[in-house]
Undergrad: 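One structure is given below, represented as structure tokens, and several questions about it will come after.
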Protein chains: 2
Amino acid sequence: MTKNIAKPIAKPIAKPIAKPIAKPIAKPIAKPNAKFKLLDAALLLIRERGYTATTVDELCVAAGVTKGAFFHHFKSKDELGIAAAQHWSATTGAFFADAPYHNLNDPVERLIGYIDFRKDIIEGDIAQFTCLVGTMTQEIYGSNPEIRDACAASILSHAATLEPDIEAAMRDRGVDGDFTPASLAAHTQAVLQGAFILAKATGDGAVARSSVEHLKRYLLLLFEE
Amino acid sequence: MTKNIAKPIAKPIAKPIAKPIAKPIAKPIAKPNAKFKLLDAALLLIRERGYTATTVDELCVAAGVTKGAFFHHFKSKDELGIAAAQHWSATTGAFFADAPYHNLNDPVERLIGYIDFRKDIIEGDIAQFTCLVGTMTQEIYGSNPEIRDACAASILSHAATLEPDIEAAMRDRGVDGDFTPASLAAHTQAVLQGAFILAKATGDGAVARSSVEHLKRYLLLLFEE
DNA sequence: TGACAAGTACCAACCAGTTGGTATGTTTTT
DNA sequence: AAAAACATACCAACTGGTTGGTACTTGTCA
């Protein structure tokens, strides 16, 4: 075996690098360990190829870890699927929480700001702007209820962040239509998910952005005086 | 081998059943041959499980044919995928062409009629009302351009059937907005595709119907005086 | 402080079952 | 008779998952 030969050379190099730096930080956001690397790889690969078509081996290669590491952190591929959905929820949750549109004063402006923001990030590589949980939902809704629920939670919890502004907008503008804030919030997500499918079908984001513009026009027609 | 023993028994039973009935019909719409049965099985199974997760063996069992028959009619699984998309296009094309909303006189009414019709058929089992080509697109857009193009053609050609009415509605109601008939037609499909994802995520069609209602409200706001 | 036990993180090789696909018939239609 | 439509038996490659083991970290107690 070459193990005993290669080891003493590689070991002293990797050892005393960056331990004291991480110490004072309360909770390191992203330790570059195997679990995190696998989840990160999953976010990209699954959006690119779909859940079923993405193999455990491919995930391991992309993450630069071995299969042993994979099954140390996840009991099964499906368990990684659940974790990936939750990881997606956390990642995108933080991303949208930091977005600038929250600073606007008017609820309608914030809402339109959100839509504009969503439209602006539809750009470049398709796998980069499409939605992990929307993709996974399509594939596993009938076969894996746990992944499906994790995906549903991700979509609906994101939609729920819009409800206060929608509710305020309805009250503010005197819109007491025959719909609930929750249903309109869900509708915005439906448009986005559908827009992603059109983008995938046509191979570019233009159709998707155009659809989001229609959604914006709808909101303006609802809430503009 | 049991082959020579079992055969003479099974053969005479299946032989003289129903040949003369199909003969006088000029072009049988749906010959119950292996190819058609496989395509029909594909429509259901792929919508239920996704394209990748649906195996050739499962398709053969569902269609009641053997693998030999499968690869006699399709060079590969991917070729069946393309054929399934085209079969879907033909099937749904005929279905919508026969729908009652076409008899309405006003283009806006026809448009709203279409939306109502789409809403009404969101009912019952999820695999029954969701879209084959939308599902397939999500999975193979990056890996199989031919299937993707077949799916794109299916979605866009269906959207194109709405364009004349949208164009007439815009002319009629004096709506010369900053959007094209094609973009609004595409938007309707985006909403539907997204609605299907929400239905899959939540496990029932209510959210989907609600989203289609928002689409209807948008069209009414656009075209109503 | 340092030795030592115990857990955590990881790895390479392997396994049984499944996958899409093929080779070679047999039957049915024309 | 010949070609098309099907069936049977099989295979190589790949799949998710397991195995037995190593390296590193951490808690504990003398």
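Keep in mind that this is a model prediction, so the values were computed, not measured. First the proteins, then the strands, lettered A, B, ... as listed; each starts at 1.
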Undergrad: Please classify the nucleic acid contact of B/Thr66 as base, sugar-phosphate, or nothing, using heavy-atom distances under 4.0 Å.
TA: base
Undergrad: What is the distance from CG of A/Leu80 to P of D/dT15, rounded to the nearest Å?
TA: 16 Å
Undergrad: On DNA chain D, nearest-nucleotide positions of A/Glu58 versus A/Lys75: which is more 5'?
TA: A/Glu58
Undergrad: Between B/Thr161 and B/Tyr114, is the side chain to side chain contact (heavy atoms under 4.5 Å, CB included) condition met? List the steps.
TA: CA-CA 11 Å; B/Thr161 64; B/Tyr114 167 75; over 6 Å; no
Undergrad: Could you check how far CZ of A/Phe36 sits from C1' of C/dA9, rounded to whole Å?
TA: 17 Å
Undergrad: If you check the B/Val65 side chain, which of D/dC6, C/dC10, D/dA7 turns out closest?
TA: D/dA7
Undergrad: Give a yes/no on whether any side-chain N or O of B/His73 is located under 4.0 angstrom from OP1 or OP2 of D/dC6.
TA: yes
Undergrad: Kindly point out which of D/dG17, D/dC6, D/dA7 is positioned nearest to the side chain of A/Ser76?
TA: D/dG17
Undergrad: Using a 3.5 Å distance criterion without hydrogens, assess whether the side chain of B/Glu139 forms a donor-acceptor pair with backbone atoms of B/Tyr51.
TA: yes
Undergrad: Can you tell me whether the side chain of A/Lys77 and the base of D/dG17 have a donor-acceptor pair closer than 3.5 Å?
TA: no
Undergrad: Without decimals, in angstroms, what is the distance between B/Asp57 CG and C/dT22 P?
TA: 14 Å
Undergrad: Using whole Å, report how far CZ of B/Arg49 lies from C1' of C/dT19.
TA: 15 Å
Undergrad: Just checking A/Phe95 against A/Phe117, ring centres under 6.0 Å apart?
TA: yes
Undergrad: How long is the line joining NZ of B/Lys67 and C1' of D/dC10, in whole Å?
TA: 10 Å
Undergrad: What nucleotide, of D/dA7, C/dG20, D/dG16, holds the atom closest to the side chain of B/Phe71?
TA: C/dG20
Undergrad: In whole Å, what is the span from the CG atom of B/Asn144 to the C1' atom of C/dG20?
TA: 14 Å
Undergrad: OP1 or OP2 of C/dA9 less than 4.0 angstrom from a side-chain nitrogen or oxygen of A/His72, does that happen here?
TA: yes
Undergrad: Under 4.0 angstrom, heavy atoms only, what part of the nucleic acid is A/Thr52 near: base, sugar-phosphate, or nothing?
TA: nothing
Undergrad: Above 12 or not: heavy atoms from other molecules or residues under 6.0 Å from CD of B/Glu79?
TA: yes
Undergrad: Roughly how many Å is it from CG in B/Leu38 to P in C/dG20, rounded to a whole number?
TA: 13 Å
Undergrad: Taking the six-membered ring for Trp, are B/Phe179 and B/His187 closer than 6.0 Å centroid to centroid?
TA: no
Undergrad: Please state how far atom CZ in B/Phe70 lies from atom P in C/dT19, giving the value in whole angstrom units.
TA: 13 Å
